[in-house]
Amino acid sequence: QLPSKCHKLEDVMIVIQSQRNSYHARRSGQRKVEILQQAARLGQGVPVIVLLHELSQYEGDWSILPALPRLFVKYGHSASWLFFIEEETKVTLSALLEVLNRYPAQEWFLGKRLHDNEASIIHHYAFSEDPSSFSYPDTTAGWALSAPLLKRLTERIRSENLKSDFTIDLKHEIALFIWEEGHGPKLTAVPEFCTQPRDGCATAFTTYLPDCGHPVSKNDVFVAVKTCQKFHSDRVPVVKATWEKESGFLEYYSDVTDASIPTVSLGVSNTERGHCGKTFAILRRFLGKAVPKADWLLIVDDDTLISLPRLRQLLRCYDPKEAVSLGERYGYGLTQKGYSYTTGGGGMVLSRTAVSRLLSSSCGCYSDDAPDDMVLGRCFTTLGVPITHSPLFHQARPDDYSEEMISTQHAISFHKHWNVDPVAVYRYWLQDTRPRDEL
């Protein structure tokens with residue numbers, strides 16, 4: 001089958017998966033300008049470029065499904081292709097047109113193929129019989145939907161009562177929704193959609209850990225480690241053996257005072273789940289006189305593994321005078337006007353300004369054992385503070401992610417000691433002092 005027509009750039013809508021935080025809004029704006037300048041030099045028309053965070057007032061547009069009907073209404077009549085990229089994805093427009101012209105006018109879902117090597121908790125153990133059988137796109141390389149597919153997905157989103165659910169790993173969930181138990185197309189692998197630059201690539205990815213200005217020192221980040229008595233003897237020693245020494249100010253918050261660690265008891269009894277009461281007590285302490293004043297607060301679990309030097313490098317991009325909530329972003333009920341939140345296990349980073357705004361509002365825990373990360377997300381959404389996402393934070397273990405994807409990242413965190421040697425995980429994935437190939 002030959003392509004129905006030779007596409008020009010005006011047939012392509014490029015959606016930059018941008019974020020509201022001022023640093024990200026600026027980066028995506030720069031990417032848009034670069035693409036428009038390239039289009040002017042190429043002289044084959046001008047693509048429509050949409051910054052996703054500007055599409056509507058709804059913060060949940062990042063989860064794509066709520067955004068598709070809006071994109072269809074605004075631009076669907078003129079675009080033959082929707083092409084999604086991240087802020088740091090570079091595009092070669094001439095090569096992109098060549099790729100898209102290979103595909104006739106029917107339903108297509110194009111991307112660089114990722115797959116699971118083993119059944120993963122973040123994908124709800126989907127395809128556990130054969131995890132590598134299902135492909136999902138590496139969003140850093142860009143991914144595309146043809147106009148006929150966009151039209152059908154829009155109709156489906158409008159007519160189906162989409163269940164209120166969690167958004168955990170967007171790229172996998174989008175691929176599952178499109179595949180629709182075999183009723184829709186599977187991902188078609190496109191070799192020209194690349195992460196590493198090489199000849200013939202239409203895209204390449206730069207980095208999630210850019211080199212921004214403003215140095216951030218150890219003392220600019222106050223670290224709060226949530227623990228409880230039953231983990232003092234097994235989890236806390238791992239923190240001490242790995243990343244504690246990279247911190248400036250750090251306190252362990254427990255249900256009991258233990259001078260050997262030492263821990264601080266906040267007067268909140270331990271809860272089996274949730275920890276909202278404990279987390280809000282940490283927020284109040286952070287703003288009080290009992291601890292040194294710092295621009296940033298990092299809240300982690302006692303089984304979080306984290307690279308503080310990489311975190312400080314990332315924080316150079318952000319302004320602590322802004323209300324910033326940063327980490328791995330999850331969503332709840334986003335197809336039903338829900339909210340986003342920074343998932344706790346991977347580490348929650350808050351600017352002092354964000355903590356002040358939160359504590360001066362009336363938003364708080366409905367019970368001490370409410371899920372702290374979700375309550376914080378709901379509160380920040382109510383207050384208009386964007387939940388800023390970095391895929392360098394991880395709520396699960398390295399084995400729960402596509403190896404191809406995380407091996408090209410400079411990960412900031414992983415979470416859980418289950419069935420792994422946490423010290424070995426830290427040394428291999430997070431410690432920068434020795435070359436990878438030695439391990």
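Because the structure is a prediction, the values reported are computed rather than measured. By convention here, the first residue in the shown sequence is residue 1.
Looking at heavy atoms from C-beta onward, S390 lies in side-chain contact with L314 at the 4.5 angstrom threshold. Residues L153 and L150 form no side-chain contact, since every pair of their non-hydrogen atoms from C-beta on lies 4.5 Å or further apart. In this structure, L376 and S325 have side chains that are not in contact, with every pair of non-hydrogen atoms separated by 4.5 Å or more. Annotation: side chain of N419 is in contact with side chain of R397 (closest heavy-atom distance under 4.5 Å). The shortest distance between side-chain heavy atoms of L305 and W429 does not fall below 4.5 Å. Using a 4.5 Å cut-off on side-chain heavy atoms (C-beta onward), D303 and H415 make contact. Counting heavy atoms from C-beta on, the side chains of C379 and S361 never come closer than 4.5 Å. Two residues are said to be in side-chain contact when any heavy atoms from C-beta on lie closer than 4.5 Å; R285 and V291 meet this criterion.
A donor-acceptor distance shorter than 3.5 angstrom exists from the side chain of D373 to the backbone of G344, with no hydrogens or angles considered. E328 contributes no side-chain N or O that, together with a main-chain N or O of G346, makes up a donor-acceptor pair within less than 3.5 Å. E246 places no side-chain N or O within donor-acceptor distance of the main-chain N or O of P309, the cut-off being under 3.5 Å. Looking only at distances, a side-chain donor or acceptor of T304 sits under 3.5 Å from a matching main-chain atom of D301. Judged by distance alone, with hydrogens and angles left aside, the side-chain atoms of E173 form a donor-acceptor pair with the main-chain N or O of I168 at under 3.5 Å. No donor-acceptor pair under 3.5 Å is formed between the side chain of E88 and the backbone N or O of Y208. Panel note: side chain R316, backbone D211; no donor-acceptor pair is recorded below 3.5 Å. Side-chain atoms of Y401 come within 3.5 Å of backbone atoms of A396 as a donor-acceptor pair (strictly under, hydrogens ignored). Although no hydrogens or angles enter the test, the distance criterion places no donor-acceptor pair under 3.5 Å between the side chain of E403 and the main chain of N117. Between the side chain of S351 and the backbone N or O of E322, at least one donor-acceptor pair lies under 3.5 Å.
More than 12 heavy atoms of other residues, nucleotides or ligands shown are found within 6.0 angstrom of NZ on K240. The environment of K289 atom NZ is sparse: at most 12 non-hydrogen atoms of other residues, nucleotides or ligands sit within 6.0 angstrom. A 6.0 Å sphere centred on CD of Q229 holds no more than 12 heavy atoms belonging to other residues, nucleotides or ligands. Environment of CG in L36: crowded, with over 12 heavy atoms of neighbouring residues, nucleotides or ligands closer than 6.0 Å. Summarising the local packing, NE2 of H214 is surrounded by 12 or fewer heavy atoms from other residues, nucleotides or ligands at distances under 6.0 Å. The neighbour count for K90 NZ, taken as heavy atoms of other residues, nucleotides or ligands under 6.0 Å away, does not exceed 12.
In summary, the aromatic rings of F83 and F193 are positioned with their centroids under 6.0 Å apart. Ring to ring, Y330 and H389 are not that close: their centroids are 6.0 angstrom or more apart. Between H115 and F127, the ring centre distance reaches or exceeds 6.0 Å. You'll find the ring centres of H232 and Y252 outside the 6.0 Å limit.
Each of T343, D169, D400 was scored for a side-chain hydrogen bond (donor to acceptor under 3.5 Å, both in side chains) with Q395, with one residue passing: T343. If you run side-chain hydrogen bond (donor to acceptor under 3.5 Å, both in side chains) between E86 and each of T203, T140, T139, only T139 comes through. Checking R378, K226, K278 one by one against D372, the salt bridge (charged side-chain N to carboxylate O under 4.0 Å, His left out) holds for a single residue, K226. Of the residues listed (L311, L308, V238), the one engaging W243 in a side chain to side chain contact (heavy atoms under 4.5 Å, CB included) is L308, and it is the only one. Partner of L315 under the side chain to side chain contact (heavy atoms under 4.5 Å, CB included) criterion, out of D220, L326, D295: L326 alone.
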Exercise. After noting the C-alpha distance and the side-chain angles of E59 and S340, does the key distance pass the side chain to side chain donor-acceptor pair (under 3.5 Å) rule?
Worked result: CA-CA 8 Å; E59 197 268 334; S340 308; 2.9 Å; yes
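Both the sub-6.0 Å distance and the 45° axial angle are satisfied by K337 relative to the ring of Y58.
Ring pair Y318/W296 is perpendicular by interplanar angle, where above 60° counts as perpendicular and below 30° as parallel. By the 30° and 60° cut-offs, the orientation of the rings of H123 relative to Y136 is perpendicular. Taking the six-membered ring where the residue is Trp, F166 and Y341 present perpendicular rings, their angle passing 60° and hence far from 30°.
Contact detail for A411 and H394: the closest heavy-atom pair is CB-CE1, 3.7 Å. When all heavy atoms are compared, the tightest approach of C194 to R198 is SG-NH2, 3.6 Å. The two residues S18 and E87 make their nearest non-hydrogen contact at CA-OE2, 3.5 Å.
Residues S367 and D369 bring a donor and an acceptor atom of their side chains to less than 3.5 Å of each other. Donor-acceptor pairing under 3.5 Å is recorded for the side chains of D130 and S132.
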